[in-house]
Structures are given as C-alpha cells and as structure tokens.
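What follows is a short report on a single structure.
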Amino acid sequence: MKKGDHLFLVDGSGFIFRAFHALPALTRKSDGLPVGAVSGFCNMLWKLLTNARDTNVGVTPTHFAVIFDYSSKTFRKDLYDAYKANRSAPPEELVPQFGLIRQATRAFNLPCIETEGFEADDIIATYARAAEAIGADVTIISSDKDLMQLVTPNVHMYDSMKDKQIGIPDVIEKWGVPPEKMIDLQALVGDSVDNVPGIPGIGPKTAAQLLEEFGDLDTLLARADEIKQVKRRENIVANADMARLSRKLVELRTDVPLDLPLDALVLEKQDGPKLLGFLKAMEFGTLTRRVAEACDCDASAIEPAEVLVEWGTAAHGPDLDPGAEHPASEAPLAPAAAPAAKASAERAKAAELAARRLEAFAGKEIDRSRYLTIRDLDTLKTWIAAAKDTGLVGFDTETTAVDPMLADLVGVSLAIQDNSKGPDSTEIMAAYVPLAHQSGHGDLLGGGLVEGQIPMADALAALKDLLEDPSVLKVAQNLKYDYLVMKRHGVTMQSFDDTMLISYVLEAGAGNHGMDALSERWLGHTPIPYKDVAGSGKSQVTFDLVDIEKATAYAAEDADVTLRLWLVLKPRLAAEGLTRVYERLERPLVPVLAHMEERGITIDRQILSRLSGELAQKAAGFEDEIYQLAGERFNIGSPKQLGDILFGKMNLPGGSKTKTGQWSTSAQVLEDLAAQGAELPRKIVDWRQLTKLKSTYTDALPSYVHPQTKRIHTCYSLASTTTGRLSSSEPNLQNIPVRNAEGRKIRTAFISTPGHKLLSADYSQIELRVLAHVADIPQLRQAFADGVDIHAMTASEMFGVPVEGMPGEVRRRAKAINFGIIYGISAFGLANQLSIERSEAGDYIKKYFERFPGIRDYMESTKAFAREHGYVETIFGRRAHYPEIKSSNPSVRAFNERAAINAPIQGSAADVIRRAMVQIEPALAAAGLQERVRMLLQVHDELIFEVEEDAIDAAMPVIVKTMEHATMPAIAMRVPLKVDARAASNWDEAH
DNA sequence: CCCCAACCGTA
DNA sequence: GTACGGTTGGGGG
C-alpha cells in the first residue's frame, strides 16, 4: 500500500445487525431461510466494488476488507465484567445469516478478517491508523458511533444505507464534538446496549456542552466542583471512576496484531462463476443478472453453490419448516408455508444433494494416518479459526466414564471440511486434542499427566469460544452426552446438530442409530471398535490411560465419521419433509434433558434402607412357608426350578408352556392356580413382589446417588423408542412403583430439598384424547369437551347402562376396551386382560366398532397407510417405521399392525409432552420463575418439578397452561387437553 | 464374560 | 393388545 491508495473497511458484524433492523421486509429464500441481511450485504458490496465513484463515497477502492467480531469474549470483558452483558441472543432469523455473510465475503473474493479477543472495531481502528500513517485514505463502511472517534481528514465513514459520507463536520453536527472528543463524550454518556456505565443523568447534549466548557474528560473530572447544577455535580463526582472505566471501554485499540498485512488487502479481481454460484444459491435474481452481465458469464450455466446453513437452536418462535408437508398441521398462528410447488421443488433439490453426498461418501476410504494430534494452543486456535471459517465442525469428547455426570474430560476431537477447493469438497480433516492423558493412575509408580498436552484451562477457554459461538454449527453423535460433559466443564454449547437424532427422525423403527451402525450403513466404513483401544472386561482401562497415538486414531475418527454422516443425512431431513420434527421435537430437547439430568432428584436413603430391611424380613418369612409347602428348599427366583416344583413334583393342573417349552410361572398363571385353591402359588406371587421391590428399587436406587451432588441423575434416551417416547435408565425413573400401597412407599423416598416441594403435573387421558382427535369420534369429543368420565361413557354407549349408578365391573370392562383400542385391540388380548372367553371379547369388540365406527375406520386406514409406506405418522409428522408390516408370517404381521395402530397415538402424546418440555422453561422465565422452578423428571405423561415453596402458587398455572396448550401454534386439537397438578414434599403425595 | 429368556415395574 | 428398562437365572464360550 502506498500514498494515495484507498482502503475500504467494512464493519461486517455491525452491518448484520443494522441490516436486520433496518430492512423492514423479512426476506426469505423459497425454503424459508431468512436472507434479508445477506441480500443487503451482497448488494452493498457489489455497489462498492463496481460503482463506488457514483455514490457519495466518491472514490474507488484499491484495498478492501470485511471485518467481523471473533466472539463476545474480548479484552473489554476483562476490564469490565458486565461489558455487553445486556446483549441477548441474536434473533432467530439472524442466526443463520452470520455464517452466510462470511461465505458471501469469500464469494466476493474479499478478505474476511477477525482476531481473537478483539472486536471488529479494534481491528478496523488498527488498519485505519496504519493506512493513514502510510498516507493512504480510508473509508470505513459503517454508521456506528463507536467508530466515529477514528474520523480524521484522511479517514471517513460511509453509511451505505443512507448513502451518506460521514466526515469531521458530520460528527460535529450529530454529536456536538469533533471526532477526537468522541471517546470522552461516550465515556460520559455510556451505552446501555453495550452496558458501558457512563455517568447517570448525562446524555449526549449535556456531555457535549461539558466538553465544550472544560475541554476534555480529565479536566472535567478534576474541576467537577465548578459545575453549578447540584445534581449533575454530585453525579459526576460520585461516578468519576465509572467515567474513566467507560473511556477505556469505548476507546478503540490501534495495536491489534494483524493476521493480514495492509498489502494483503489489495483488491483482487472478482471470480465471476464463484460469486454467481453463491448468489444463485441465495436466489438473489437481480444481483445474479447484474453480476453475470458485468463479468460476461452465462448465469444459467452455473450451478448454485452448496451453501451450508444453520437455523439455530432457538426453542421457540414461529413454527416454520421449509420442508413441512402437513397441511393439517398448519396452525392458525403459523405463518403461511411456501407454495406447495415451490416446497416440493426445494425438497427435490435437497434429495439431489443427499444423493450426491451419499455417492461421494459411501465407500470413500477414510485415511486415519492423516489424523493430527494437537498438542499446543496455537495449533488448536488455528483449527478453531478454520472451524469458524467454514462454520461447521464435527465434535466429539473423550472422557473417563460412560455416565456423563461422572465423566471427566480426557480430550476432544474436531473434524473440518476442507472447502478450500469449493463447497463440494469431500476432504475432511480431523484431529484429536489430548488434554488429560495419564501415564498411570496415581499410585506408588507415580503416574501423572503425560507430556505434550495443552493445559486443560487454556484448551477449555479456546474451545468455549468455538462451542458457544452461535455462528458455527457443531455436529456430534449423541450430543446430549457431550453437551452435558462440556456443561460440567463450564461450556454451554450453542448451535448444534446430532447425527443420532437426525437418523432417528429419518428412520425410527428401522435399524439402530449408533455411530458404528450408521457408519457401516451409510459410509461403508467400520470405525475402530472401542475395545481395540481401551480393552475390555478385566483389562479395560479408562480413556485417560490410552496411549495418545492410539487415542488419536480412535477419537479423530469419531469426529470425522460424525461429520461425514451429517453431510449425508442432514439434507434428507428437508428432502423427506422432516425438518420440523427434527428442529421442534428433537434438537431443542437436548439441552432441556441435559439440564434435567444434571439437576437430578434427591432421595431419602434412610427411607429406602428401612424399606429394604422390612422387605427382606417379609420375604424371608415367605421363603420359610414356601419351602414348607414345597417340601424342599430350592431357588424360588428360578422359574425353571419353580416350574418343576409346581407342575412336576406337585403336579398342579392347568400349567402352560412358554415359547421355549418351559413351564410358565407368570403371575397370571400363579393367580389362576391360587384361584383353584393351591396355597403355594399365592405365596410365590407375594414373594416375587417383595423381592422385586427390594432388588430393583430399595437396594438399587441408593447405589445411584452421585458422590458430589448426593442426588440421583437418570439418563434419558431420546432415540431408543419407535414411537417417540423417551426412555430412562441408570436408573430407570419411569417405572417407579405406584399401583399398590407396598410399591408406592418407594415413591415417598423421592423428596424435595428444604424450602421446596415436588410438583407433579400429568396429562389426564392424553392418549384417548389423541385418539378422539385423530379419529374424530363425535361421542369421545363431546365427552372430553364436557369433562365426563370417559370409561363410564364408553360403557354406557356399549351396554346401554346409565352412567349414574353404573356397576364397577361394567366400567372396568369398558376401560379395558378403551386401553385395548389404543394398543391395537385383539380378541385374544382383551380376553386375556379381562379373563373372559375369546368369543365374548370378540363380541365386545364388534359392539364397540358398531358404536364407534370411526375407530374402525381409523384403524383400517392406519394399517393401509403403514402397508403402503412402511411407516405411520404422528399428528406432528414424526414417523415410526414398521418394515415387517407385510411379513408373510401372520403373527408377525398382526403384531406390526397393532404396533402401527398404537404408534400414532402413543407417539403423538409423546410429541405433545416433548413440546411442553421445550416450552416450559421459556414460559417460566417469562413469569420470572426460572430461578425458582426446576424441571427434574419426565414419565411419559407426567412432569415432575422441584419448586420453591413460595413459588408454587405462581408456578402451577404456568406449568398447567403450558402443558395444556403445548400443541399450539402448530396444531389446534379437536379436544381439550387436561392437566392435573399437585405439590407435596414427596413424589407419592404429589402424584 | 456375554447374551438370552423370563418376569415385572411404569405409562 | 402398545411402549420401555432392570434383575435374575442359566447356558454357552
């Protein structure tokens, strides 16, 4: 760069926000992607690059750069902890545009500059002063007042939206002070947006007047006692230090280390095809034509570039889905979807992309020898910068335990798509960052940290910057695990995808969604088995003891494979109309569930220990009696031995065999024997109940108490059911006894912490309500609308018995039929349930269908749909696959038909509570209750919260309303949902 | 050490 | 008749 050159510096980050708020129309691409800010940005760049002389800039640039904020963490945060603390998360529509604007900058062949620890403004200041020193002129494309301090005779600003130059006179006109006093002025005034304190009661007018009078801030502060207005004088004296601090915050640094020297900013020729590819992908028709004309290219011959976009992880906002295919789910409150023709064209494009990616990656060799071990902070930062550059990174953690609440971080791996040769690149680079590998566990031999690892705190700080950056999409497999591990290490991930959940949405019920299986299925690649790295069984070691070289091959491969899977699977969501299911029902649940798991629930170990003792005693009593009656000692817990005793030795009548030819000793069989007068079977049933409670609950639960939190942290699985329900394990807190008094005692051991209560809120009859909705049954809708007893109503319809004074047995049978319907009824099953003849059960079903013909229609059409498509759908579009629905084996086929009938009902109810769970924290926050109410558990139709006692009255209606209206705005149900809630000091009383 | 069958707890 | 997970016993390697 030389004297007379002209440098243009675009404040990219500033532009994004300004454009977003200034451009009124919410410009969207045909798939619904918001691109208003990107469009404004591209138009501005094009104008400045081709035609700056005709605008009020008035000069043609020789050098050009676009500057972005690297992240929110800057040196100013160290100066003042509250700096920019008022900034809330960017609006949902803006999130995908951060990445797109960086991609746009590169498409324009312009340098895209950001530096860690500094804001874009500091980088701009540094370049501006450096250029000025050489004798070049500078134009800063921004209208931000924070940059006005830089204006000199050689440095101008330019407001591209108003096409207005900002020079020294303009600054004086607007603020009443020349540019060099802007710092002092801002120090006095402060900035509520950035949380710069300033001095209370002093606005721009007063500040300008004071600076006019005293000259500068230091003089003003020194002679503050001369100020005549009492209140103003007091404020200034009292807040002098705040003003000095504020000055440090607003003064821009001009000594930022520059990655690119000034000379590197020299304006390069445009790459027409590259730019056109991007513009076409963005569907910017006018600009595409202009650019094609200018570079003499045939735009129609250029393929739209593959542009990676991320919708962000905001849990609410409008239900928008570019791929939505459910007209029935178009809510009254939801914005209109794209026209059907356009939507289907978008889906076809996504399908093409998916097919192209699959072809590119299936069977492509994965070369583990290219994996890198990152051992120093600089290299890690280079990788992080590269990830920020592409906006996409595969991520995985290695830890010391499979339980995320007990896992310590051992290392992380990153995978980045090398798109230096274009966005279609299939080259993936992956690396492992060892952080806590040990040479042995601290014993007599020493052990201790292996050399050549980045200090944990340094690495975490660098990774935090990447993982919390909303503009970079992190892709993980089984993300909830990594999310929780990182959260426990002080990092709250933002902007993420989970390949396991994508696979689950695409094909729940068809195959398994583990990484190894997905890799085999889609990439034709077998990842290194964990056993080969850490051993198995007795010789298994924790990952921190694995040799770093071996760990690198294993760990980097995980991130690599995950990123490849994402590239192959993600476009299929849009192609198959499942984007909304993924974005509304799956992904947002990851942080929600992680937080629930992290909170855990308190149990009273004394209650459990006392119960264990009681159960042991009672069981021992039964054992004596059982041996007496049997005439010998045997293992009562062995169904095989028990069968031999009952049906061999004692020769009791009416035994039945299991499918393996063993005597069945099920509770049902034993009950039948007892009903015939045998004494032993009853005792076995009772003994089993006691030992079940003891072994599964009272003995087992205390072993799950976390050593630090002293609470129990279950693990929820998002992707292990066909229907969309969650599952809970280690321990399973979704099967804690409730149906009889003995079992319910266990619930009394689940307690709230002092000053709190447990609040349980459960949906009443949600599955029957869903059935009434989907099958549109008039009597059921009416009954739910009127709030009448649904089983009594069913009985009344079927048997002509008035609800008033109905015998209990009649209602019980109707209730069994209602449940049977939900389960895809069969005469065999109903007969079993009610202990009646199969023919009688068949008559009931016939009668039921006569009274409710809509249910039969629903069942038949569901089966037909399943046969045609191989899957069924919930009301929100979630799919459950039944690949064996057409099996030639009649019992397999019948089983699949029943499951297919059940899945939309069970699955829709599961979707409803998932929505409620996503909505509940924002709803509580809106009521100011987020600190006082904590959601702990989900049991399919029930949510359990821990609530401050004083907040119960406020929280209960918020929770109930959120749950009752959880389908909105996506779906307006034809029947109301009802939620019952109660609070108490233990789960038994709250339920 | 691993896996399966049987049984049983929940919604 | 649907959907799960945990415990136990017992067989195979």
Side-chain angles (χ1 to χ4, degrees), chain A residues 508-509 531 536-540 634-643 657-670 684-685 687-697 699-701 703-704 714-717 720-740 742-744 746-747 762-768 771 816-834 838 841 844-845 859 872 880 882 891 894-907 909-910 913 937-942 991:
Chain A
K531 283 179 193 138
S536 66
K538 216 170 61 156
S539 59
Q540 185 170 342
F634 65 103
N635 188 340
I636 308 170
S638 164
K640 184 171 143 64
Q641 292 181 35
L642 177 62
K657 298 280 184 83
T658 67
K659 63 183 166 200
T660 54
Q662 297 256 327
W663 287 110
S664 169
T665 65
S666 69
Q668 181 66 60
V669 169
L670 298 179
I684 304 284
V685 169
W687 176 88
R688 276 192 184 159
Q689 194 203 359
L690 298 171
T691 52
K692 169 93 176 177
L693 293 177
K694 183 169 185 292
S695 67
T696 307
Y697 303 104
D699 286 353
L701 285 172
S703 72
Y704 287 101
T714 184
C715 177
Y716 288 104
S717 171
S720 58
T721 72
T722 303
T723 56
R725 273 193 178 178
L726 303 180
S727 75
S728 156
S729 61
E730 292 177 278
N732 181 354
L733 295 186
Q734 291 180 323
N735 71 345
I736 303 301
V738 72
R739 288 176 190 173
N740 62 59
E742 194 67 34
R744 264 212 306 276
I746 290 162
R747 290 202 172 209
D762 68 295
Y763 284 105
S764 162
Q765 310 282 10
I766 187 169
E767 294 190 351
L768 279 175
L771 176 68
I817 292 168
N818 276 334
F819 275 98
I821 294 296
I822 290 169
Y823 297 154
I825 203 152
S826 76
F828 178 84
L830 182 63
N832 262 341
Q833 179 66 29
L834 289 175
R838 189 147 13 144
Y844 283 175
I845 295 170
M859 289 184 161
V872 291
Y882 294 95
S891 70
F895 175 80
N896 276 271
E897 286 175 352
R898 290 193 299 271
I901 288 167
N902 172 255
I905 304 169
Q906 187 185 115
I913 197 165
L937 303 177
Q938 189 249 41
V939 191
H940 308 306
D941 65 358
E942 175 188 14
H991 185 73

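All values below come from the heavy atoms of this structure, side chains included, with hydrogens, waters and symmetry mates left out. Treat the numbers as computed from the prediction; the structure is a model and nothing was measured.
A831(A) comes within 4.0 angstrom of no nucleic acid atom, judged by non-hydrogen atoms across all strands. Counting any heavy atom pair closer than 4.0 Å across all strands shown, R739(A) reaches a base atom. Using a 4.0 Å heavy-atom criterion, one finds that S728(A) contacts the sugar-phosphate atoms exclusively. Within 4.0 Å of E942(A), counting heavy atoms only, lies no atom of the nucleic acid at all. Among the atoms of the strands shown, base atoms are found under 4.0 Å from some heavy atom of R725(A). As judged by a 4.0 angstrom heavy-atom cut-off over every strand, A909(A) is placed among residues making no nucleic acid contact. When heavy atoms are screened at a 4.0 angstrom cut-off, G637(A) is found touching the sugar-phosphate backbone but no base atom. Heavy atoms of A894(A) sit nowhere under 4.0 angstrom from any nucleic acid atom. Base contact: Q833(A) has a heavy atom under 4.0 Å from a base atom. I822(A) comes within 4.0 angstrom of no nucleic acid atom, judged by non-hydrogen atoms across all strands. Heavy atoms of S717(A) sit nowhere under 4.0 angstrom from any nucleic acid atom. Using a 4.0 Å heavy-atom criterion, one finds that S826(A) contacts the bases of the nucleic acid, with or without backbone contacts as well.
You'll find that the side chain of S695(A) is closest to dT8(C), out of dC4(C), dC7(B), dT8(C). Listed nucleotides dA11(B), dA5(B), dT8(C) differ in distance to R747(A); the shortest reach to its side chain belongs to dA11(B). Taking every side-chain heavy atom of S666(A) into account, dC8(B) is the closest of dA5(B), dT10(B), dC8(B). When each of dA3(C), dG9(C), dA11(B) is scored by its nearest atom to the side-chain atoms of D941(A), the top-ranked nucleotide is dA11(B). Nearest to the side-chain atoms of V939(A) among the listed nucleotides dA11(B), dT8(C), dA6(B) stands dA11(B). Comparing dA3(C), dA11(B), dG6(C) against the side chain of T696(A) picks out dG6(C) as the nearest. Distance from the side chain of A700(A) is smallest for dT7(C) among the nucleotides dT7(C), dG10(C), dG1(C). Candidate nucleotides dG5(C), dA5(B), dG1(C) were compared by shortest atom distance to the side chain of T660(A), and dA5(B) ranks first. Candidate nucleotides dC7(B), dG9(B), dG1(C) were compared by shortest atom distance to the side chain of S664(A), and dC7(B) ranks first.
A straight line from CD of E742(A) to P of dT10(B) spans 13 Å, rounded to a whole angstrom. Rounded to whole Å, atom P of dC7(B) lies 13 Å from atom CH2 of W663(A). Rounded to whole Å, the distance from CD on Q938(A) to P on dC4(C) is 14 Å.
Contact check, N732(A) against dG6(C): no side-chain N or O comes under 4.0 Å of OP1 or OP2.
Few gaps surround NZ on K657(A); more than 12 heavy atoms of other groups in view lie less than 6.0 Å from it.
Distance alone, capped at 3.5 Å, places no donor-acceptor pair between the Q641(A) side chain and the I636(A) backbone. S729(A) contributes no side-chain N or O that, together with a main-chain N or O of N732(A), makes up a donor-acceptor pair within less than 3.5 Å. Put simply, the side chain of S728(A) gets close to the backbone of L733(A): a donor and an acceptor are under 3.5 Å apart.
In this structure, the side chains of Y704(A) and E730(A) come closer than 4.5 Å at one or more pairs of heavy atoms. Looking at heavy atoms from C-beta onward, Q765(A) lies out of side-chain contact with N818(A) at the 4.5 angstrom threshold. Side-chain contact between N832(A) and Q668(A) is absent, with no heavy-atom pair separated by less than 4.5 Å.
For dG13(C), there is no paired base (Watson-Crick or G-U wobble, both distances below 3.5 Å).
Checked by distance alone, Q906(A) brings a side-chain donor or acceptor within 3.5 Å of a matching partner on the base of dT2(C).
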